[in-house]
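Start at 1 and go down the list; that is how both ligands and their atoms are numbered.
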Amino acid sequence: MSVAVVYGSAMGNTEGAAKLIAEKLGISDVFNIADIDPDKINSYDKLVIGTSTWGSGDLQDDWDAFDFGSLKLSGKTVAVFGMGDSESYSDSFCGGMGKLAEKLKEAGAHLIGSTSTEGYTFESSDAVVDGEFVGLALDNDNQEDLTESRIEAWVSKIKAQLS
Ligand SMILES: Cc1cc2nc3c(=O)[nH]c(=O)nc-3n(C[C@H](O)[C@H](O)[C@H](O)COP(=O)(O)O)c2cc1C
(Lines give C-alpha, C1' and ligand atoms only; values in the text may rest on other atoms or scores of the structure.)
Protein backbone atom coordinates (compact mmCIF):
# COMPACT_ATOMS: atom_id res chain seq x y z
CA MET A 1 0.00 0.00 0.00
CA SER A 2 1.38 3.42 -0.88
CA VAL A 3 0.69 6.09 1.72
CA ALA A 4 1.54 9.81 1.68
CA VAL A 5 1.14 12.75 4.00
CA VAL A 6 0.07 16.00 2.29
CA TYR A 7 -0.16 19.30 4.14
CA GLY A 8 -0.73 23.03 3.74
CA SER A 9 1.15 25.29 6.12
CA ALA A 10 1.82 29.04 6.25
CA MET A 11 4.25 29.34 9.17
CA GLY A 12 5.55 25.79 9.47
CA ASN A 13 3.42 24.43 12.31
CA THR A 14 1.38 22.03 10.17
CA GLU A 15 4.51 21.15 8.23
CA GLY A 16 6.22 20.08 11.45
CA ALA A 17 3.21 18.01 12.47
CA ALA A 18 3.08 16.40 9.00
CA LYS A 19 6.71 15.34 9.24
CA LEU A 20 6.20 13.91 12.71
CA ILE A 21 3.11 11.99 11.57
CA ALA A 22 5.07 10.54 8.64
CA GLU A 23 7.94 9.59 10.94
CA LYS A 24 5.57 7.81 13.34
CA LEU A 25 3.91 6.03 10.41
CA GLY A 26 7.32 5.01 9.14
CA ILE A 27 6.84 6.60 5.70
CA SER A 28 8.93 9.13 3.81
CA ASP A 29 6.42 10.54 1.30
CA VAL A 30 5.51 13.95 2.74
CA PHE A 31 4.37 16.74 0.43
CA ASN A 32 3.51 20.41 0.72
CA ILE A 33 0.29 20.98 -1.25
CA ALA A 34 1.98 24.03 -2.79
CA ASP A 35 4.51 21.68 -4.50
CA ILE A 36 2.46 18.66 -5.58
CA ASP A 37 -0.02 18.19 -8.41
CA PRO A 38 -3.35 16.36 -8.08
CA ASP A 39 -2.25 13.41 -10.24
CA LYS A 40 0.52 12.63 -7.79
CA ILE A 41 -1.94 12.74 -4.88
CA ASN A 42 -4.34 10.50 -6.81
CA SER A 43 -1.56 7.95 -7.34
CA TYR A 44 -1.47 7.01 -3.63
CA ASP A 45 -3.63 4.24 -2.17
CA LYS A 46 -4.12 5.98 1.18
CA LEU A 47 -3.51 9.49 2.45
CA VAL A 48 -3.08 11.58 5.56
CA ILE A 49 -4.02 15.20 4.79
CA GLY A 50 -3.64 18.29 6.95
CA THR A 51 -4.27 22.02 7.02
CA SER A 52 -3.93 24.88 9.42
CA THR A 53 -6.84 27.31 9.83
CA TRP A 54 -6.70 30.93 8.67
CA GLY A 55 -9.15 33.80 8.31
CA SER A 56 -12.10 32.74 10.39
CA GLY A 57 -12.29 28.97 10.18
CA ASP A 58 -10.90 28.87 6.63
CA LEU A 59 -8.47 26.60 4.84
CA GLN A 60 -4.79 27.51 4.71
CA ASP A 61 -4.12 29.58 1.53
CA ASP A 62 -2.51 26.85 -0.59
CA TRP A 63 -5.47 24.54 0.06
CA ASP A 64 -7.82 27.42 -0.60
CA ALA A 65 -6.28 27.81 -4.07
CA PHE A 66 -6.34 24.06 -4.73
CA ASP A 67 -8.78 22.51 -7.21
CA PHE A 68 -10.44 19.81 -5.11
CA GLY A 69 -12.46 18.79 -8.19
CA SER A 70 -9.28 17.24 -9.60
CA LEU A 71 -9.00 14.74 -6.75
CA LYS A 72 -10.12 11.16 -7.38
CA LEU A 73 -10.39 9.52 -3.99
CA SER A 74 -13.32 7.22 -4.50
CA GLY A 75 -13.31 4.65 -1.68
CA LYS A 76 -9.81 5.61 -0.56
CA THR A 77 -8.95 5.67 3.12
CA VAL A 78 -8.00 9.19 4.20
CA ALA A 79 -7.22 10.62 7.65
CA VAL A 80 -7.23 14.37 8.26
CA PHE A 81 -5.44 16.55 10.78
CA GLY A 82 -5.62 20.23 11.55
CA MET A 83 -3.62 22.91 13.30
CA GLY A 84 -5.35 25.84 15.01
CA ASP A 85 -5.43 28.22 17.95
CA SER A 86 -8.19 27.38 20.42
CA GLU A 87 -7.67 30.51 22.53
CA SER A 88 -7.49 33.37 20.00
CA TYR A 89 -9.88 31.68 17.57
CA SER A 90 -12.17 29.87 19.99
CA ASP A 91 -15.22 30.34 17.72
CA SER A 92 -13.59 28.73 14.71
CA PHE A 93 -11.07 26.33 16.18
CA CYS A 94 -9.57 24.13 13.47
CA GLY A 95 -12.42 25.08 11.13
CA GLY A 96 -10.08 24.51 8.20
CA MET A 97 -9.88 20.83 9.08
CA GLY A 98 -13.69 20.67 8.95
CA LYS A 99 -13.71 22.26 5.48
CA LEU A 100 -10.93 19.95 4.32
CA ALA A 101 -12.84 16.90 5.52
CA GLU A 102 -15.96 18.02 3.65
CA LYS A 103 -14.08 18.53 0.39
CA LEU A 104 -12.27 15.21 0.68
CA LYS A 105 -15.56 13.42 1.31
CA GLU A 106 -16.99 15.10 -1.81
CA ALA A 107 -13.99 13.67 -3.70
CA GLY A 108 -15.02 10.20 -2.51
CA ALA A 109 -12.70 9.70 0.45
CA HIS A 110 -13.53 7.29 3.25
CA LEU A 111 -12.49 9.28 6.32
CA ILE A 112 -10.96 7.64 9.35
CA GLY A 113 -9.29 8.97 12.50
CA SER A 114 -11.91 11.00 14.34
CA THR A 115 -10.88 12.03 17.87
CA SER A 116 -12.41 13.14 21.15
CA THR A 117 -12.74 16.85 21.99
CA GLU A 118 -11.69 16.09 25.56
CA GLY A 119 -8.67 18.15 26.62
CA TYR A 120 -9.48 21.09 24.32
CA THR A 121 -11.17 24.35 25.36
CA PHE A 122 -13.04 26.22 22.62
CA GLU A 123 -16.47 27.68 21.83
CA SER A 124 -17.22 26.20 18.46
CA SER A 125 -15.63 24.36 15.56
CA ASP A 126 -16.72 23.23 12.09
CA ALA A 127 -14.32 20.35 12.61
CA VAL A 128 -16.65 18.78 15.18
CA VAL A 129 -19.18 16.37 13.71
CA ASP A 130 -21.44 14.26 15.95
CA GLY A 131 -19.51 15.40 19.01
CA GLU A 132 -16.04 14.44 17.77
CA PHE A 133 -13.30 16.09 15.75
CA VAL A 134 -13.32 14.67 12.22
CA GLY A 135 -9.58 14.10 12.55
CA LEU A 136 -6.67 15.04 14.78
CA ALA A 137 -6.82 18.61 16.15
CA LEU A 138 -3.52 20.22 17.14
CA ASP A 139 -2.83 23.57 18.77
CA ASN A 140 0.81 24.62 18.78
CA ASP A 141 -0.10 28.14 19.96
CA ASN A 142 -1.45 27.00 23.33
CA GLN A 143 -0.75 23.29 23.74
CA GLU A 144 2.47 22.64 21.86
CA ASP A 145 3.64 20.36 24.65
CA LEU A 146 0.78 17.97 23.76
CA THR A 147 1.38 17.84 20.01
CA GLU A 148 3.79 14.92 19.94
CA SER A 149 1.81 12.73 22.33
CA ARG A 150 -1.44 13.54 20.47
CA ILE A 151 0.22 12.53 17.21
CA GLU A 152 1.59 9.35 18.75
CA ALA A 153 -1.79 8.31 20.12
CA TRP A 154 -3.56 9.13 16.86
CA VAL A 155 -1.05 7.35 14.65
CA SER A 156 -1.18 4.22 16.79
CA LYS A 157 -4.98 4.27 16.44
CA ILE A 158 -5.03 4.62 12.63
CA LYS A 159 -1.83 2.84 11.62
CA ALA A 160 -3.41 -0.54 10.91
CA GLN A 161 -6.03 1.07 8.66
CA LEU A 162 -3.27 2.80 6.68
CA SER A 163 -1.18 -0.29 6.02
C1 LIG B 1 -4.78 35.83 10.88
C2 LIG B 1 -4.90 34.49 11.52
C3 LIG B 1 -6.12 33.83 11.49
C4 LIG B 1 -6.28 32.59 12.13
N5 LIG B 1 -7.52 32.00 12.16
C6 LIG B 1 -7.69 30.84 12.86
C7 LIG B 1 -8.98 30.26 13.01
O8 LIG B 1 -10.01 30.74 12.51
N9 LIG B 1 -9.09 29.10 13.73
C10 LIG B 1 -8.00 28.50 14.32
O11 LIG B 1 -8.15 27.47 14.96
N12 LIG B 1 -6.76 29.06 14.20
C13 LIG B 1 -6.58 30.21 13.50
N14 LIG B 1 -5.33 30.75 13.38
C15 LIG B 1 -4.18 30.08 14.05
C16 LIG B 1 -3.31 29.24 13.09
O17 LIG B 1 -4.06 28.23 12.47
C18 LIG B 1 -2.19 28.62 13.91
O19 LIG B 1 -1.32 29.62 14.36
C20 LIG B 1 -1.43 27.51 13.18
O21 LIG B 1 -0.49 26.95 14.08
C22 LIG B 1 -0.69 28.00 11.95
O23 LIG B 1 -0.15 26.85 11.33
P24 LIG B 1 0.76 26.93 10.03
O25 LIG B 1 2.05 27.55 10.46
O26 LIG B 1 0.98 25.50 9.63
O27 LIG B 1 0.03 27.69 8.98
C28 LIG B 1 -5.16 31.98 12.75
C29 LIG B 1 -3.93 32.65 12.77
C30 LIG B 1 -3.79 33.88 12.18
C31 LIG B 1 -2.45 34.59 12.25
Side-chain angles (χ1 to χ4, degrees), residues 3-25 27-38 40-41 44 47-68 71 78-107 109 111-155 157-158 162:
V3 186
V5 179
V6 184
Y7 67 88
S9 180
M11 313 286 283
N13 288 324
T14 314
E15 178 179 17
K19 288 179 175 167
L20 200 52
I21 289 167
E23 188 188 311
K24 305 280 181 202
L25 279 170
I27 61 171
S28 52
D29 292 13
V30 189
F31 302 99
N32 187 328
I33 187 58
D35 304 328
I36 183 175
D37 61 44
K40 179 79 177 165
I41 300 176
Y44 284 90
L47 293 154
V48 180
I49 303 186
T51 184
S52 49
T53 296
W54 288 83
S56 182
D58 299 327
L59 287 168
Q60 187 269 339
D61 275 0
D62 297 306
W63 279 121
D64 209 33
F66 182 74
D67 174 18
F68 282 90
L71 285 182
V78 177
V80 294
F81 67 101
M83 183 68 74
D85 177 344
S86 58
E87 200 175 300
S88 303
Y89 300 92
S90 180
D91 283 341
S92 56
F93 178 52
C94 278
M97 174 167 70
K99 290 204 164 74
L100 183 66
E102 276 307 309
K103 288 181 181 293
L104 296 172
K105 270 198 286 185
E106 280 167 27
L111 290 187
I112 61 161
S114 62
T115 59
S116 168
T117 58
E118 213 172 290
Y120 301 80
T121 306
F122 60 96
E123 285 297 319
S124 113
S125 172
D126 284 350
V128 175
V129 176
D130 295 334
E132 288 211 311
F133 287 120
V134 289
L136 174 67
L138 299 168
D139 180 352
N140 273 20
D141 290 292
N142 308 291
Q143 299 182 312
E144 190 172 5
D145 51 326
L146 297 179
T147 291
E148 184 161 2
S149 57
R150 281 174 171 166
I151 286 174
E152 258 166 14
W154 188 62
V155 167
K157 194 174 106 179
I158 63 173
L162 289 173

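The distance criterion of under 3.5 Å between nitrogen or oxygen atoms is not met by Asp58 with respect to ligand 1. Here's the thing with Asn140: none of its N/O atoms is less than 3.5 angstrom from an N/O atom of ligand 1. Ligand 1 has no N or O atom lying under 3.5 Å from any N or O atom of Gly95, backbone or side chain. No N or O atom of Gln60 sits closer than 3.5 Å to an N or O atom of ligand 1. Remark: ligand 1 and Gly12 share an N or O pair separated by less than 3.5 Å (distance only, no angle test). In terms of polar-atom proximity, Gly55 is counted as a contact of ligand 1, with an N or O under 3.5 Å from an N or O of the ligand.
Atoms CZ and CD, on Arg150 and Glu144 in that order, are 11.5 Å from each other to the nearest 0.5 Å. Atom CZ of residue Phe81 and atom CD1 of residue Ile158 lie 10.0 Å apart, to the nearest 0.5 angstrom. Taking CG of Asp126 as the reference point, atom OG of Ser56 lies at 9.0 Å (rounded to 0.5 Å). One finds the CH2 atom of Trp154 at 8.5 Å from the OG1 atom of Thr115 (value rounded to the nearest 0.5 Å).
Using modelled atom types, no side-chain atom of Trp63 and backbone atom of Asp58 make a donor-acceptor pair closer than 3.5 Å. No donor-acceptor pair closer than 3.5 Å links the side chain of Ser52 to the backbone N or O of Met83. For Ser124 (side chain) and Asp91 (main-chain N/O), a donor-acceptor pair under 3.5 Å exists by modelled atom type.
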Side chain to side chain contact (heavy atoms under 4.5 Å, CB included) evaluation trace for Leu59 with Phe68: CA-CA 12 Å; Leu59 287 168; Phe68 282 90; 4.0 Å; yes

Show the numbers, then the answer: is there a side chain to side chain donor-acceptor pair (under 3.5 Å) between Ser114 and Glu132? CA-CA 6 Å; Ser114 62; Glu132 288 211 311; 2.9 Å; yes

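Near Met83, meaning under 4.0 Å from one of its heavy atoms, ligand 1 places the atoms 17 (O), 20 (C), 21 (O), 23 (O). Below 4.0 Å from some heavy atom of Cys94 lie the following atoms of ligand 1, by number and element: 10 (C), 11 (O). Proximity to Gly84 (heavy-atom distance under 4.0 Å) selects the following atoms of ligand 1: 10 (C), 11 (O), 12 (N), 17 (O). Taking every non-hydrogen atom of Gly57 and a distance limit under 4.0 Å, the qualifying atoms of ligand 1 come out as 7 (C), 8 (O).
Below 30°, between 30° and 60°, or above 60°: for Phe93 and Phe122 the angle between ring planes is between 30° and 60°, a tilted geometry.
Within the 4.0 Å heavy-atom criterion, both parts of Thr53, backbone and side chain, lie near ligand 1. Contacts of Ser56 with ligand 1, taken as heavy-atom pairs under 4.0 Å, involve the backbone alone.
Evaluated by nearest non-hydrogen atom to atom 30 (C) of ligand 1, the leading choice among Phe122, Phe93, Trp54 is Trp54. Nearest residue to atom 19 (O) of ligand 1 from Asp141, Thr147, Asp85 is Asp141 (criterion: closest heavy atom). Between atom 9 (N) of ligand 1 and the options Ser92, Ser88, Ala18, Ser125, the minimum heavy-atom separation is to Ser92.
With respect to atom 21 (O) of ligand 1, the closest heavy atom belonging to the protein is Asn13 ND2, 2.8 Å. Of the protein's non-hydrogen atoms, Met11 N, 2.8 Å is the one closest to atom 25 (O) of ligand 1. Taking atom 4 (C) of ligand 1 as the reference point, the nearest protein heavy-atom neighbour is Tyr89 CZ, 3.2 Å. Atom 23 (O) of ligand 1 has its closest protein heavy atom at Ser52 CB, 3.3 Å.
Nearest heavy atom pair, residue Ser9 against residue Asp62, reads O-OD2, 4.4 Å.
Using a 4.5 Å cut-off on side-chain heavy atoms (C-beta onward), Val128 and Tyr120 make no contact.
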